[in-house]
Amino acid sequence: MILDDISKEIKQANSIVILTHVEPDGDAIGSSLAMYNGLKKIGKDVDVIIQSFSKAFEFLPGAGQIKNESNKMYDLAIALDCGDIKRLSGFKEYFENTKCKIEIDHHEMNSMFADYNFVNPTAPACCQILIYVLKTLGIEIDKTIGTCLLTGIITDTGGFKYSGVTAETFEFAAELLSKGVNVSDIYKRVLQTQTKAKFELSKRAMSRLEFFSNEKIAFTYITKKDEEEVKSSNGDHEGIVEIGRDIENVEISIFLRETDDGYKISLRSNEYANVSDICLMFNGGGHIRAAGGFSSLPFEETKNRIIEECKKHLK
Ligand code: 5GP
Ligand code: MN
């Protein structure tokens, strides 16, 4: 069993590096810190390397120990919540330079880039998979680890509301609650409270929202200038794509975010469109109902191309 092999490799290794995808969301940070706290508990020399992350996640146990670089050589590298090695971004080298590589993930689109790939696309969050991994390692899930795990589950399920939620998700949540994890505090911090800058960006995106194809496609965007003007920081654009998704009759919501080299694309769908397939056309991927990609074409061309691709997936 792959899980036994992973457990054996982790037990054998002394120094371990944990990596996750760029622009980490709650599941990326939650899994990284759950693994970090778990491995510390069994005496491993472990580092989490993440360049930058939203301050909403600073409350997580171990967040203060996250490094943004390292020149150490590790025995083992673990990539979490990342379906594509390119998404490890500047940290790809840490992964590639390590002798033994493990990937634990739940993305539909996955390039199986490690020596051991434990991938379950039916899990609604990478954190849900980690519950099994940590148990196999004999690590007791305490309040500290549970807080990290529940953060990933809550953010990747939109607060237990997406279709990927399983009976197990609630069973795990109940188990974590019994360990003293404060669900309402996590929920408030990661899903409810937003920065003023995020609110201002959302307002701009909302006022620009356009509909296409009988209002089945919603489109909006933000520019670098917007982000400068509202003084946005890491993570402030997260969730804007959901504004269009949550309007009745919309099947696909498109959100473009201007960056230094082009446009980051975010797609969401409601009932049937496989947006991960659409993102393949834009060097990206993700899940069936939530995916991303990139375009280095100018704004109008990017907009037209993505809308045309989305139209092909409407019924
Ligand atoms: P978001 O729209 O929130 O950035 O991303 C939605 C989902 O798609 C996340 O699970 C994210 O990891 C994945 N995703 C976003 N951008 C990319 C990309 O460029 N490549 C791949 N493979 N996945 C992506
Ligand atoms: Mn995830």
Side-chain angles (χ1 to χ4, degrees), residues 20-29 32 49-60 63-64 66-69 81-82 86-92 151 155 158 188-212 217-247 250 252-268 275 279 282-284 286 290-307 310:
T20 189
H21 66 76
V22 276
E23 305 225 328
D25 52 19
D27 194 29
I29 308 238
S32 300
I49 306 182
I50 296 176
Q51 200 163 35
S52 56
F53 59 93
S54 160
K55 59 177 192 294
F57 302 119
E58 281 171 3
F59 77 102
L60 286 174
I66 292 178
K67 298 191 166 167
N68 51 27
E69 61 179 352
D81 194 37
C82 182
K86 285 195 306 238
R87 301 251 300 148
L88 292 179
S89 188
F91 304 120
K92 210 170 122 217
T151 295
T155 51
K188 193 158 186 208
R189 285 176 185 274
V190 299
L191 286 185
Q192 200 171 319
T193 309
Q194 54 180 320
T195 59
K196 181 75 189 329
K198 179 171 179 170
F199 173 73
E200 293 298 338
L201 282 182
S202 304
K203 247 174 41 182
R204 292 182 187 208
M206 209 181 266
S207 71
R208 291 173 188 148
L209 202 98
E210 288 179 85
F211 296 97
F212 299 90
I217 295 175
F219 172 90
T220 192
Y221 65 95
I222 56 167
T223 62
K224 284 198 295 186
K225 191 162 163 273
D226 291 327
E227 297 204 48
E228 279 157 27
E229 285 172 357
V230 307
K231 299 188 177 57
S232 84
S233 51
N234 279 319
D236 282 339
H237 61 280
E238 293 273 343
I240 293 181
V241 65
E242 292 162 18
I243 298 171
R245 181 201 63 187
D246 294 343
I247 299 169
V250 168
I252 305 176
S253 172
I254 308 169
F255 168 60
L256 299 185
R257 177 181 177 228
E258 187 185 15
T259 68
D260 288 338
D261 353 283
Y263 290 90
K264 179 71 197 148
I265 302 167
S266 274
L267 296 187
R268 296 293 185 270
V275 289
C279 285
F282 297 90
N283 294 311
F294 195 79
S295 163
S296 23
L297 296 171
F299 179 76
E300 285 300 328
E301 275 173 71
T302 299
K303 176 180 173 184
N304 294 335
R305 253 198 85 201
I306 184 83
I307 291 172
C310 288

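As the structure is a computational prediction, the values presented were derived from the model and not from experiment.
- A search for ring pair (Phe, Tyr, Trp, His ring centres under 6.0 Å) contacts involving Phe294 returns nothing, not counting sequence neighbours.
- Under the side-chain hydrogen bond (donor to acceptor under 3.5 Å, both in side chains) criterion, Glu229 pairs with Arg204, Lys225, sequence neighbours left out.
- Under the 6.0 Å cut-off for aromatic ring centres, Phe299 and Tyr221 qualify, their centroids lying closer than that.
- Closest approach of Ala205 and Ile240 over heavy atoms only: CB-CG2, 3.4 Å.
- Within the 4.5 Å cutoff, side-chain heavy atoms of Val190 are placed close to those of Phe59.
- Applying the salt bridge (Lys or Arg N to Asp or Glu O under 4.0 Å) criterion to Glu258, with sequence neighbours excluded, gives no partner residue.
- When side chains are defined from C-beta on, Lys196 does not count as touching Lys231, because their heavy atoms never get closer than 4.5 Å.
- Other residues, nucleotides and ligands place no more than 12 heavy atoms under 6.0 Å from the CD atom of Glu69.
- Listed by chain and number, the residues in a side-chain contact (heavy atoms from CB on, under 4.5 Å) with Glu210 are Phe212, Phe219, Lys303 (sequence neighbours excluded).
- The backbone N or O of Ala197 sits nowhere less than 3.5 Å from a side-chain atom of Ser232 that would complete a donor-acceptor pair.
- Shortest non-hydrogen contact noted between Cys279 and Gly292 is CB-O, 3.3 Å.
- Between the OG1 atom in Thr155 and the CG atom in Asp25 there is a gap of 6.0 Å [rounded to 0.5 Å].
- Side-chain contact between Glu227 and Ile222 is present, with at least one heavy-atom pair separated by less than 4.5 Å.
- The side-chain heavy atoms of Leu256 and Ile265, taken from C-beta on, include a pair separated by under 4.5 Å.
- Taking Asp261 as the reference, nothing meets the salt bridge (Lys or Arg N to Asp or Glu O under 4.0 Å) condition, with sequence neighbours excluded.
- Atom CD of Gln194 is surrounded by more than 12 heavy atoms from other residues, nucleotides or ligands within 6.0 Å.
- To the nearest 0.5 Å, atoms OG (Ser52) and CD1 (Ile66) are separated by 10.5 Å.
- Under the 4.5 Å side-chain criterion, counting only non-hydrogen atoms from C-beta, Ile254 is in contact with Cys310.
- For Lys92, the side-chain hydrogen bond (donor to acceptor under 3.5 Å, both in side chains) criterion is met by no residue, not counting sequence neighbours.
- Taking both residues in full, the closest heavy atoms of Leu191 and Gly158 are given as CD1-C, 3.8 Å, listed atom of the first, atom of the second, then distance.
- Taken from CD in Glu238 to OG1 in Thr195, the straight-line distance is 11.0 Å, to the nearest 0.5 Å.
- Qualifying side-chain contact (heavy atoms from CB on, under 4.5 Å) partners for Ala56, counting only residues two or more places apart in sequence or in other chains: Ser54.
- Rounded to the nearest 0.5 angstrom, Thr20 OG1 and Leu88 CG are separated by 7.5 Å.
- Side-chain contact between Thr220 and Met206: absent, with no pair of heavy atoms (C-beta onward) separated by less than 4.5 Å.
- Just one residue in the list Arg87, Lys264, Arg257 forms a side chain to side chain donor-acceptor pair (under 3.5 Å) with Glu23, and that residue is Arg257.
- Scored by the side-chain hydrogen bond (donor to acceptor under 3.5 Å, both in side chains) test, Thr223 finds Asp226 as partners (sequence neighbours excluded).
- For the atom pair Phe53 CZ and Ser32 OG, the distance stands at 10.0 Å (nearest 0.5 Å).
- Of all non-hydrogen atoms in Gly244 and Ala218, the two that sit nearest each other are CA-CB, 3.8 Å.
- Here the side chains of Lys224 and Asp260 are in contact, with some heavy-atom distance below 4.5 Å.
- Among all heavy-atom pairs drawn from Thr151 and Gly26, the shortest one is CG2-O, 4.1 Å.
- Lys203 is linked by a salt bridge (Lys or Arg N to Asp or Glu O under 4.0 Å) to Glu200, counting only residues two or more places apart in sequence or in another chain.
- Taking Ser202 as the reference, nothing meets the side-chain hydrogen bond (donor to acceptor under 3.5 Å, both in side chains) condition, with sequence neighbours excluded.
- Scanning both residues, Pro298 and Tyr263, for their nearest heavy atoms gives C-CE1, 4.2 Å.
- For Lys188, there are no salt bridge (Lys or Arg N to Asp or Glu O under 4.0 Å) partners at least two apart in sequence or on another chain.
- With a 4.5 Å cut-off on side-chain heavy atoms, Val250 and Phe211 count as touching.
- Between Phe57 atom CZ and Ile29 atom CD1 the span is 6.0 Å, to the nearest 0.5 Å.
- Residues that satisfy the ring pair (Phe, Tyr, Trp, His ring centres under 6.0 Å) test with Phe91, not counting sequence neighbours, are Tyr94.
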